[in-house]
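What follows is a set of notes on a single structure, which appears directly below.
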Amino acid sequence: MAFARTILGDVDPSTLGVVNSHDHLIRVGAGEVYLDKDHQLDSVEKAETEAGYFAKASLKWSKQGGTVVDMCPINCGRDIEKLAEVARSVENLQIIGATGFHREHVYLETQSHWINRYSVDQIADLVIADIREGIDRNDYTGPLVDRSPYKAGVIKIGTAYGEITPFEHKCMEAAAKAAIETGAPINTHTTYGTCGLEQAQTLIGLGVPADQIAIGHIQRNADVYYLEEILDLGVYLEIDGTNRIKYQPDSNRMMELKAFKKDGYEDRILLGTDSGKRSYQKVYGSVSGVDYNPAVDGPRMIAEGFDPDYVDKLLIRNAHNFFSFRKEA
């Protein structure tokens, strides 16, 4: 039977409701915070409030409420106990936690990082253990591992701007092994929308089924021809970066979504917001937040004449399919 793995347990994918396929509720330090303190999201209370906005907006589209996929991966400030506290506290909310890796840049100096010391198989075993046994309470910062009861339900990989570094390629190899072994989906980070095609080609070449892969942040490259080259491989695209006028207007995302529907790709598009900074969340003073897809995008798509069934797929059903494990629990 199909299942999705939330941090509080395995569930029927149909119960996920509206799915925010890439966001961040908790981050307690590590490289991204060192580079930019705006990434610090260490307050459970504020995360509960922000997630509550999302759950409330999601109820307008699904009686199941909604699910946030928290994409903070290994050694990047995960605090699984805090994240579980949010999941338990907010009504009509489920949370899927991540394992896997970010782009090399956020790990700062990487010559001595354990990624460069361990074999691909050893790294893959750590990812698999996050999925099957429980996420390490110490976030693999070492040297001790203390398994929580909260299991990861998605694997992340990330690549640099315009290149895939050897460090990142090794992470991709380990992620591919873990995905094949467990059936967990892989949701990726692209930097400014680059290397999406190469990510998909590499992961498929490593043996990961195409429909088990979603290429993320890819809307930043608003070249529909290029985006559909990636879709032609059979993978999903994850469209996020909502209300980021400094990069591009939201009309670009709407244009992309219309093109995907017209060209027959409507079943393999996911939505997220990637509101992973304080300045991107309502609870810290932003005018937009984690609830943007159900609160703003959905109504806008209806107002712009999108087929309501397509809107339902974008907000709900496509993600139910993607975040289902490809193997039995």
Side-chain angles (χ1 to χ4, degrees), residues 16-27 32 36 38-41 46-62 65-73 83 86-87 90 92-98 102 154 156 158 187-193 214-222 236-254 256-257 269-301 311-316 318-320 322-323:
L16 296 177
V18 174
V19 180
N20 181 336
S21 297
H22 187 130
D23 223 311
H24 300 272
L25 294 172
I26 293 290
R27 189 191 290 109
E32 280 190 292
D36 181 358
D38 197 18
H39 284 96
Q40 181 89 11
L41 301 170
K46 289 184 180 298
E48 289 170 346
T49 301
E50 187 72 24
Y53 297 147
F54 169 77
K56 181 178 179 180
S58 295
L59 284 170
K60 297 177 181 178
W61 302 92
S62 170
T67 298
V68 172
V69 183
D70 190 293
M71 288 296 296
C72 190
L83 194 61
V86 177
V90 180
N92 304 304
L93 175 76
Q94 299 190 79
I95 296 176
I96 292 173
H102 212 318
V154 66
K156 181 173 182 174
N187 197 10
T188 82
H189 164 100
T190 62
T191 300
Y192 300 115
I215 305 301
H217 309 328
I218 199 65
Q219 77 292 332
R220 293 279 292 276
N221 185 344
Y236 285 71
L237 294 188
E238 191 262 309
I239 306 299
D240 55 59
T242 49
N243 198 36
R244 306 288 155 74
I245 310 305
K246 63 183 179 181
Y247 300 127
Q248 59 180 0
D250 277 4
S251 58
N252 276 15
R253 289 188 304 107
M254 294 297 116
E256 293 164 12
L257 296 175
I269 310 299
L270 308 173
L271 297 183
T273 66
D274 191 26
S275 300
K277 295 183 179 182
R278 293 184 176 202
S279 58
Y280 291 163
Q281 296 192 3
K282 288 181 174 178
V283 74
Y284 291 100
S286 175
V287 298
S288 67
V290 171
D291 66 344
Y292 199 87
N293 294 146
V296 179
D297 278 337
R300 175 173 178 165
M301 287 187 281
V311 177
D312 190 73
K313 287 182 178 181
L314 292 172
L315 290 174
I316 301 172
N318 289 352
H320 292 185
F322 178 70
F323 289 103

- Check the pair H189 / H22 against ring pair (Phe, Tyr, Trp, His ring centres under 6.0 Å), numbers first and verdict last. CA-CA 10 Å; H189 164 100; H22 187 130; 7.5 Å; no
- Message: Any salt bridge linking D240 with R253? Criterion: basic side-chain nitrogen under 4.0 Å from a carboxylate oxygen.
- Response: no
- Query: Does the side chain to side chain contact (heavy atoms under 4.5 Å, CB included) test come out yes or no for N293 and V18, once each step is laid out?
  - Reply: CA-CA 9 Å; N293 294 146; V18 174; 5.5 Å; no
- In Å and rounded to the nearest 0.5 Å, what is the OG1 to OH distance from T273 to Y280? 11.0 Å
- Hey, does the side chain of Q281 reach the backbone of V290 with a donor-acceptor pair shorter than 3.5 angstrom? no
- Query: Hey, what's the ring geometry for Y236 with F322, parallel, tilted or perpendicular (30° and 60° as the breaks)?
  - Reply: tilted
- Message: Could you check whether any side-chain N or O of W61 sits under 3.5 Å from a backbone N or O of P294, counting only pairs where one atom can act as donor and the other as acceptor?
- Response: yes
- Lys/Arg N to Asp/Glu carboxylate O, K282 vs E50, below 4.0 Å: no
- Taking all non-hydrogen atoms of both residues, which atom of A55 and which atom of L93 are closest, and how far apart? CB-CB, 4.4 Å
- Message: I need the minimum non-hydrogen distance between N221 and E256, along with the two atoms involved.
- Response: O-OE2, 4.3 Å
- Under 3.5 Å, is there a donor-acceptor pair between the side chain of T190 and the main chain of G216? yes
- Message: Testing the basics here: between L271 and E238, what is the closest heavy-atom pair and its distance to 0.1 Å?
- Response: C-OE2, 4.2 Å
- Message: Does K277, at its NZ atom, have more than 12 non-hydrogen atoms belonging to other residues, nucleotides or ligands within less than 6.0 Å?
- Response: yes
- Atom OG of S286 and atom CG of N243: how far apart are they, to the nearest 0.5 Å? 7.0 Å
- Query: Hey, does the side chain of Q94 reach the backbone of G65 with a donor-acceptor pair shorter than 3.5 angstrom?
  - Reply: no
- Message: Tell me whether R244 contacts the main-chain N or O of T242 through its side chain, where contact means a donor paired with an acceptor under 3.5 Å.
- Response: yes
- Nearest 0.5 Å please: distance from the NZ atom of K156 over to the CG atom of D70. 9.0 Å
- Heavy-atom closest pair, residues M71 and V154: SD-CG1, 3.7 Å
- Message: Evaluate V86 against I95 for side chain to side chain contact (heavy atoms under 4.5 Å, CB included), listing each step before the verdict.
- Response: CA-CA 9 Å; V86 177; I95 296 176; 4.0 Å; yes
- Message: Rounded to the nearest 0.5 Å, what separates atom CD1 in I218 from atom OG1 in T188?
- Response: 7.0 Å
- From L237 CG over to I215 CD1, what is the distance, rounded to the nearest 0.5 angstrom? 7.5 Å
- Item | Heavy-atom donor-acceptor pair, D291 side chain to A57 backbone, under 3.5 Å | no
- Message: Holding to side chain to side chain contact (heavy atoms under 4.5 Å, CB included), I want the full list of residues that pass it with K313, two or more places apart in sequence or in another chain.
- Response: E266, D267, D309, R317, N318
- Message: Keeping R278 on the side-chain end and Q40 on the backbone end, is there a donor-acceptor pair under 3.5 Å?
- Response: yes
- Verdict with reasoning, D250 to Y292, per side chain to side chain donor-acceptor pair (under 3.5 Å): CA-CA 11 Å; D250 277 4; Y292 199 87; 2.5 Å; yes
- Message: Rounded to the nearest 0.5 Å, what separates atom CG in L270 from atom CG in N20?
- Response: 10.5 Å
- Note on the structure: In short, I26 meets C72 closest at the heavy-atom pair O-CB, 4.3 Å
- Task: Indicate, with yes or no, if the rings of H39 and H24 have centres closer together than 6.0 Å.
- Result: no
- Can you name the nearest heavy-atom pair linking N187 to S21, along with the distance? ND2-O, 2.9 Å
- Task: Using the side chain to side chain contact (heavy atoms under 4.5 Å, CB included) rule, take L41 and L25 through it: C-alpha gap first, then chi angles, then the decisive distance, then the call.
- Result: CA-CA 7 Å; L41 301 170; L25 294 172; over 6 Å; no
- Stepwise side chain to side chain contact (heavy atoms under 4.5 Å, CB included) check, T67 with I96: CA-CA 7 Å; T67 298; I96 292 173; 4.0 Å; yes
